[in-house]
Novice: 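Dropping the structure in here first, questions after.
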Amino acid sequence: MHFLYAHFDPRSKQRTVWKIAPGERGQLWEECRAEGVIRVGWDQLGDLGLYQSDTDLKQALDRNWPRRSGGSLTLARRLMAFRDLEDGDRIVANRGTDEVLAIGTVNGSYRFEADRPEYQHVVSVDWDLSHARKLSEPKQWRSTFAKVDPALFARLIAPQGASGVDVIRAPQTTPVALPEDVQAVLDALERKGQVILHGPPGTGKTRLALRVALALDGRADALGADARHRGLTQAEMLHGDRVSMVTFHPSYGYEDFVEGFKPDLSATGPGLTLALTDGLFHSLCSRAAAHPDQTFLLVIDEINRGDLPRIFGELMTLLELDKRNLPVALPVSKRRFSVPPNVRIIGTMNTADRSISHLDAAVRRRFAFLPVGPDPDAVSGTVGPLDLAAFFESLNGRIARDLDADHQIGHAYLLRDGAPIATEEDLAAAFHHEVVPLLEDYCLGRAELLHLILGDLVDADTGRARLMSPQDLADALATEFTSGAPGPDA
């Protein structure tokens, strides 16, 4: 037991905290509190333990709640997450969008109570009522299930103010468990040395890279902080010596990355004076060699937009972990150079821009590739009659079907200040000014393809997306993409 906890401690990773509504408007709360359980509906599905995958559960949702745009894979995944809750997992019980009823700790496995007339899916929970409160700002909690942001959960379990309303306190300075996505990247870096995060645009690849950088730089406490504090911490980190960030582009070259002769702006003589200048990666490696006990990180945004063989040159060989500290003579200066073993690289690339298969084979062999896909849970909420997560999932399903998965849209298109868009005006702005132009670019010259994706939202005469008022747009999107879906249950 001691060996297992020392080396494979399940508590070392941050678990997802779920908000689960005990019935519509909390109608089952007293029963759930008294029995020490949390219950959810969708009883027609039967025992969730009989489903082997979220795909099987999605098919059952399709049969029981037929809908024009297909079943909700998001709901299937949430129900599977409910079924798979483990001892020690945390749950927030809510009523509506502005009240926390209690915070619970799971203390038993899922069970299906077929003898009950309704709400037959049950998990045992130890409820702590001391955290019950009214929230100062409503949350996007209109559906039964929603992921709770770690920063918000930290505030929910913090001591309340005298008025009983939640208060925002300074971020915790004690060590925090790392989120699973951050830990996965760190594990890949440890194994390979270099990682490329790839996925459709707007899925948060750069955001994840910077969160990993915070963890590597000893600033993991900022991961659970609010967006403003995390942004300030990231800016401070990038002004330091251990983490550097660059964006590749077609004109970026070896002389920018490793070394080259560049104009000497301090020269006072006539004419142009060139001086040998260390590039970004050369400088980072020099600092890393001087501090072998620390980890140094380079974040390369849009890594596939540069000519990687030209940019890395002979250093491509030295990226392999077993060739670190192997010296080579640089062709420009003839200096001896090596890549220290304490250097790590994270690159990001949009698969819609260029497929991974187009990367040089030597590059692909030296990098681990981690997908970062669209996350419907990140846009859990509603705008008027529209379930954002269901719309997002259905739209991406059509894009994957009629284009390919690389051209799906990321959840960032439906976020404002890190939270799901909440107004019809914001929805209209995101759809007309961001989503539609992107899809029109993907479907350039193929009006029938755009019609397959957007359906009746495309004007048959012009082949362009219809313009409509924000209120009408929310209704139209709900009809086109989420008609017949199981409704919210907050």
Novice: Does Arg133 reach the main-chain N or O of Leu156 with its side chain, forming a donor-acceptor pair under 3.5 Å?
Specialist: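 Such a contact is found between Arg133 side chain and Leu156 backbone.
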Novice: In this structure, are over 12 heavy atoms from other groups packed under 6.0 Å from Asp441 atom CG?
Specialist: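 Yes, CG of Asp441 has more than 12 neighbouring heavy atoms, counting only those of other groups under 6.0 Å.
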Novice: State whether a side-chain donor-acceptor pair under 3.5 Å links Asp472 with Ser469.
Specialist: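 Present: a donor and an acceptor within the cut-off.
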Novice: Do Leu214 and Thr233 make a side-chain contact, defined as non-hydrogen atoms from C-beta onward lying under 4.5 Å apart?
Specialist: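 When only atoms from C-beta onward are counted, Thr233 and Leu214 do touch, with a gap below 4.5 Å.
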Novice: Going by side chain to side chain donor-acceptor pair (under 3.5 Å), Arg78 matches just one of Asp377, Thr144, Asp54. Which one?
Specialist: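 Running side chain to side chain donor-acceptor pair (under 3.5 Å) over Asp377, Thr144, Asp54 with Arg78 returns exactly one hit, Asp377.
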Novice: Evaluate Arg77 against Glu393 for salt bridge (Lys or Arg N to Asp or Glu O under 4.0 Å), listing each step before the verdict.
Specialist: CA-CA 12 Å; Arg77 288 170 175 165; Glu393 176 200 347; over 6 Å; no
Novice: Would you confirm whether the ring centroid of His121 sits within less than 6.0 angstrom of the ring centroid of Phe82?
Specialist: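 Not close enough - the centres of the two rings lie 6.0 Å or further apart.
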Novice: Specify whether Phe392 and His411 have parallel, tilted or perpendicular ring planes, treating 30° as the upper limit for parallel and 60° as the lower limit for perpendicular.
Specialist: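 Perpendicular, since the angle between the ring planes exceeds 60°.
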Novice: Using only atom types and a distance under 3.5 Å, with no angle test, would you say the side chain of Trp18 pairs donor to acceptor with the backbone of Asp89?
Specialist: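 Not at all, since once roles are kept as given, no pair shorter than 3.5 Å links the two residues.
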Novice: On the six-membered ring of Tyr252, is Arg305 placed so that its NZ or CZ lies under 6.0 angstrom from the centre and within 45° of the ring axis?
Specialist: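 Negative - Arg305 is either too far from the ring of Tyr252 or too far off its axis.
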Novice: Can you confirm whether more than 12 heavy atoms, excluding those of Glu448, are under 6.0 Å from its CD atom?
Specialist: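 Yes, because the 6.0 Å sphere around CD of Glu448 holds more than 12 heavy atoms from other groups.
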Novice: Just say parallel, tilted or perpendicular for the rings of Phe281 and Phe257, cut-offs at 30° and 60°.
Specialist: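 Ring orientation, 0 to 90° scale: parallel.
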Novice: Please step through side chain to side chain donor-acceptor pair (under 3.5 Å) for the pair Asp301 and Thr348, ending with a clear verdict.
Specialist: CA-CA 5 Å; Asp301 207 22; Thr348 70; 2.4 Å; yes
Novice: In sequence, state the C-alpha distance, the side-chain angles, and the governing distance for Arg191 and Asp187, and then conclude on salt bridge (Lys or Arg N to Asp or Glu O under 4.0 Å).
Specialist: CA-CA 6 Å; Arg191 182 181 69 256; Asp187 292 343; over 6 Å; no
Novice: Does CD belonging to Glu30 count more than 12 external heavy atoms closer than 6.0 Å?
Specialist: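 Atom CD in Glu30 is crowded, with more than 12 foreign heavy atoms closer than 6.0 Å.
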Novice: If you count every heavy atom of other residues, nucleotides or ligands that lies below 6.0 Å from Arg416 atom CZ, does the total exceed 12?
Specialist: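 Enclosed.
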Novice: Between Glu236 and Arg219, does at least one N-O distance fall below 4.0 Å, as a salt bridge requires?
Specialist: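 Salt bridge: yes.
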